[in-house]
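Here the structure is laid out as structure tokens; the discussion comes afterwards.
What you see below is based on every heavy atom in this structure, not just the backbone, and it leaves out hydrogens, waters and symmetry mates. Just so it is clear, the structure is predicted and the values come from calculations on it, not from any experiment. Quick note on labels: first sequence line is chain A, next is B, and so on, each numbered from 1.
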There are 2 protein chains.
Amino acid sequence: MQSRTPASRTGRPRSAAADAAILAATRQALVELGWSRLTLGDVATRAGVAKTTLYRRWAGKHELVVDAVAELFDELELPDRGSLAADIEGVVLQFAAILDRPEARSGLMAVVAESTRDDALRERIRASIVERQMRLVLLGRARAQRRGELPPEPDPAESARTGDLIFDMVAGAVVHRTLVSGKPADEEWVRSFTRVLLTGLTSP
Amino acid sequence: MQSRTPASRTGRPRSAAADAAILAATRQALVELGWSRLTLGDVATRAGVAKTTLYRRWAGKHELVVDAVAELFDELELPDRGSLAADIEGVVLQFAAILDRPEARSGLMAVVAESTRDDALRERIRASIVERQMRLVLLGRARAQRRGELPPEPDPAESARTGDLIFDMVAGAVVHRTLVSGKPADEEWVRSFTRVLLTGLTSP
DNA sequence: GCATTACGCTACGGGTCGTAGCGAAAGCTC
DNA sequence: GAGCTTTCGCTACGACCCGTAGCGTAATGC
């Protein structure tokens, strides 16, 4: 999770409790201060650790916030709700609920902005946040194909392109709705969105 | 454009050339330094003005970057390409081209992130950036309804909801594709996206 | 000429950054 | 337990940027 796992056998091990305390303190600071006013010294004080300890584990503010926000997406699940439409609506509502939390709102866009000039940071975001949501897309599609709601795609390249497209449309629309337009992704909106997306995907 | 227009008649007028120089210097600094390393002192030096002059016009980094990025969206147009699909593909490609420029990539997401905790900043973004794109959506839809490609919507409330949905889906997907997934919104992707969106909107 | 406002310049206190250095603590191996 | 290794807390530090105050000068309208 942190910068690197030294895999060293000897010596005093790093405190796992400190990790959890730092990440929790980071989220709390994001809620109270937002991204721009958040300082690493403040986070260290909140977590009850020394500032130097924090710098020994994370290279900077960006990496720390990515890890702190990534844990929020652990709760995303895709239970079988019987139909593809219900599955999509369910996961979109979950996603919207996460984006409704201030620690996610203020932190997520900031690290994405910074990742446009930092390839390592982009990869970190991709691995710890985006990848987790992408699995849900693939799972939902496979389930829908098993139900017969979506046609099977024999070409793996074409299948990957479709998966990317669905992912960008779902995640992009929800993020834009909640963070840019500033309106809630409530059930009514999610139903309309799902209807348009699903019709577009299933009609020849 | 700047913080406020005093509409004063007497005294030395503000230099319009300084405004242009400051905004151009801001975009140049965004390209070379990105959002986080950009400092107002550096922008003032690049623009050839005193730092105090910059602070007299803009309240801070956020507002300055919003105005600097907003000018990039002035070039967005929606010429009549004959069909709704062609119109959408054209404007999406224009939008993607803007997001491909580093001064837009690094600045836009950063101010959006900050706007989650600053209502005034959100309104500034909405008025100077989002509103401009929204007009294109409304224009394109009206044109399509005139062509008979989209059904007329008598209910203004329902019509507004549909417009918001289209806007969030288009802008959200393009932004997510280019800035989060980190893949190009090229012609092939735009064609697939437009096909899904348009099929979803036109099928009953 | 006179009032008024904008401008350039300098200087300043305050805050944050990221690092260095130290002694103490907590593990592992023997 | 002895000894080794790594982490931890703490303090201190130079460097940078922030945002503002103060002053003299420049540019406009009356």
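The salt bridge (Lys or Arg N to Asp or Glu O under 4.0 Å) test applied to Glu75(B) returns Arg101(B), not counting sequence neighbours. In this structure Ser83(A) satisfies the side chain to side chain contact (heavy atoms under 4.5 Å, CB included) test together with Ala85(A), Ala86(A), Glu149(A), sequence neighbours excluded. Among residues two or more places apart in sequence or in another chain, the salt bridge (Lys or Arg N to Asp or Glu O under 4.0 Å) test is passed with Asp42(A) by Arg46(A). Evaluation of the side-chain hydrogen bond (donor to acceptor under 3.5 Å, both in side chains) rule for Ser159(A) yields Arg141(A) as partners, not counting sequence neighbours. Contacts of Asp74(B) classified as salt bridge (Lys or Arg N to Asp or Glu O under 4.0 Å), with partners at least two apart in sequence or in another chain: Arg132(B).
Rounded to 10°, the helix from dG1(C)-dC30(D) to dC30(C)-dG1(D) has 30° between the axis fitted to its first five pairs and the one fitted to its last five.
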Do any N or O atoms of the protein come closer than 3.5 Å to N or O atoms of nucleotides 18-22 of chain C, and which pairs are they?
from	atom 1	to	atom 2	distance (Å)
dG18(C)	OP2	Tyr55(A)	OH	2.8
dG18(C)	N7	Lys51(A)	NZ	3.3
dG18(C)	O6	Lys51(A)	NZ	3.1

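The separation between Trp58(B) atom CH2 and dC18(D) atom C1' is 18 Å, rounded to whole Å. The separation between Glu63(B) atom CD and dG19(D) atom P is 10 Å, rounded to whole Å. Whole-Å rounding puts the Arg37(A) CZ to dC18(D) C1' distance at 13 Å. The distance between atom CG of Leu54(A) and atom P of dT16(C), rounded to the nearest whole Å, is 15 Å.
Residues Arg12(B) and Asp42(B) both approach DNA chain D. Their nearest nucleotides, taken by heavy-atom distance, put Asp42(B) toward the 5′ side. Summary of the strand contacts: Leu38(B) and Ala18(A) both lie near DNA chain D, and taking for each the nucleotide with the nearest heavy atom, the more 5' one is attributed to Ala18(A).
Every pair tested for ring pair (Phe, Tyr, Trp, His ring centres under 6.0 Å) that includes a residue from residues 72-100 of chain A fails, sequence neighbours excluded, so the list is empty. The ring pair (Phe, Tyr, Trp, His ring centres under 6.0 Å) analysis of residues 156-177 of chain B, with sequence neighbours excluded, yields the pairs Phe167(A)-His176(B), His176(A)-Phe167(B).
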Can you check salt bridge (charged side-chain N to carboxylate O under 4.0 Å, His left out) on Asp168(A) and Lys183(B), steps first, answer last?
-> CA-CA 10 Å; Asp168(A) 287 326; Lys183(B) 300 178 181 177; over 6 Å; no
